[in-house]
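Structure record follows, encoded as structure tokens.
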Amino acid sequence: MRMYDIIKKKRDGGELTKEEIRFFVEGYTRGDIPDYQASAFTMAVFFSGMTARETTDLTLEMAKSGDMLDLSELGDKTVDKHSTGGVGDKVTLVVAPIAAALGCTVAKMSGRGLGHTGGTVDKLESIPGFKVELSAPEFFKQVKDIGISVIGQSENLTPADKKLYALRDVTGTVESLPLIASSIISKKLASGSQHIVLDVTCGSGAFMKTPADAEKLAEAMVEIGTLAGRKMTAVITNMDTPLGSNIGNILEVKEAVEVLNGGGPEDLRYVCTEIASYMYASCFDASIEEARTKVLDALSSGAALCKFKAMVAAQGGDVSYIEDPSLFPEPKYAYRIVSPEDGYIASMNAETIGIASVLLGAGRSKKEDKIDYKAGISLLKKTGDRVTCGDVIAILYTDDDSKLLEVENMLLSSIKLSLSEPEKETLIYKVIK
Ligand code: URA
């Protein structure tokens, strides 16, 4: 078998056999297939797609490419949550401690930023001292002791996805249903949790641009996970506008802490309480109404915030930054963007805003780029808000002033103003089980 023939077959729209998919996954994981052939392959999949059978085979091969964690010693309430990617998406930082405070077991592996979207692992690493790499015994011990640990994908967990994820990030091959579904579900199967709640984002800041495409992705992932014996829930959420007000690593940790303290922006609070409720409902076989009451209690009692602090401390992070987020370092520049006109914000292109935050240093343009945790964007006005000429819409944070004008133009071009008040955005479109 030759990788060259597999690339050509997929390029020309052919259906790959299980053996061909295995040849690619095993060969790429071992390093026998080079990045340039894997890039050509992912681009061929991007354009030609995959059948449901090919996607399932790719997922299972990727899951088997490394260790498959056995979490059975942690009981039957192990729950994982995964987002298909968004801008300002700090939901895991909030829902994981809520679920753990309510008795769910959160033994979770998260990813780094991808394309214009941020990643939980980068955000956690912005907390001084926080270790995202734990050995398996350390990870298990922490989960047994405090019910929660969020770490990066270990070297040997879906190594195929680890390599492909980083490659897709820089080769324009992220927005593909079979590649996203196999990437996410392979990791979830290998990570071992029994209950899986997927936040399937859709809109300008998501990889799936329409609710119909997001629904197809959600259905594919629920089907593969259910076939593999997991209890699946997919929540389709709106990502037309960035979630919450802050985009960028430290900025997002600060906002997540606000929500855990009972405050924070309304859209973020709502999406977090819903997702946490589906996590609880799945683990405890509870109604969604009962789950919502529990989740709101965990927030108002401070139990969720305590869980977050316990996790930060257990993973070597300095809890004083969570207790007093003003301790986080400030970037050199805080550049204000003002509205050029009066009107209502009719839409904001979240993808452009995500790319703008990457340019400021909050994400990577190349695999080897270093992130500036302080960099990012605070949106003071969002879709639906009224603005008058001269109002500050956003603040750009960075240490590198060379990109400020470019980012200002991008941001202003991403925002559409209208004279009439736009309709309120739907935040959750559908839940699929
Ligand atoms: N999140 C993932 O883990 N993989 C993708 O491909 C997209 C989002």
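Starting from 1, each residue takes its place in the sequence as its number. Nothing here was measured: the structure is a model prediction, and the numbers come from that model. Indexing begins at 1, ligand by ligand and atom by atom, following the structure's order. FYI, side chains are in, hydrogens and waters are out, and symmetry mates aren't considered; it's all heavy atoms of this structure.
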| With sequence neighbours excluded, what pairs up with Lys209 under the salt bridge (charged side-chain N to carboxylate O under 4.0 Å, His left out) test? |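 Scan of Lys209 (salt bridge (charged side-chain N to carboxylate O under 4.0 Å, His left out), adjacent residues dropped) gives Glu351.
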| task | Using the side-chain hydrogen bond (donor to acceptor under 3.5 Å, both in side chains) rule, collect all pairs that involve residues 221-231, keeping only residues at least two apart or in two chains. | result |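 Not a single pair qualifies under side-chain hydrogen bond (donor to acceptor under 3.5 Å, both in side chains).
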| task | Enumerate the protein residues lying less than 4.0 Å from ligand 1, judged by heavy-atom distances, in chain and residue-number order. | result |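 For ligand 1, the residues that come within the 4.0 Å heavy-atom cutoff are His82, Ser83, Thr84, Leu114, Tyr165, Arg168, Ile180, Ser183, Ile184, Lys187.
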| Asp267/Lys382 salt bridge by N-O under 4.0 Å criterion |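 Salt bridge: yes.
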| request: Step through it carefully: locate the ring centre of Tyr333, locate the ring centre of Tyr397, and say whether they are under 6.0 Å apart. | output: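 Judged by ring-centre distance (under 6.0 Å), Tyr333 and Tyr397 do not meet the cut-off.
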| message | Main chain of Met3, side chain of Gln37: is a donor-acceptor contact present, judged purely on distance under 3.5 Å? | response |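 Absent.
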| query | Residues in side-chain hydrogen bond (donor to acceptor under 3.5 Å, both in side chains) with Asn246, at least two apart? | reply |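 Testing Asn246 for side-chain hydrogen bond (donor to acceptor under 3.5 Å, both in side chains), a comparison that skips the adjacent residues, returns Ser378.
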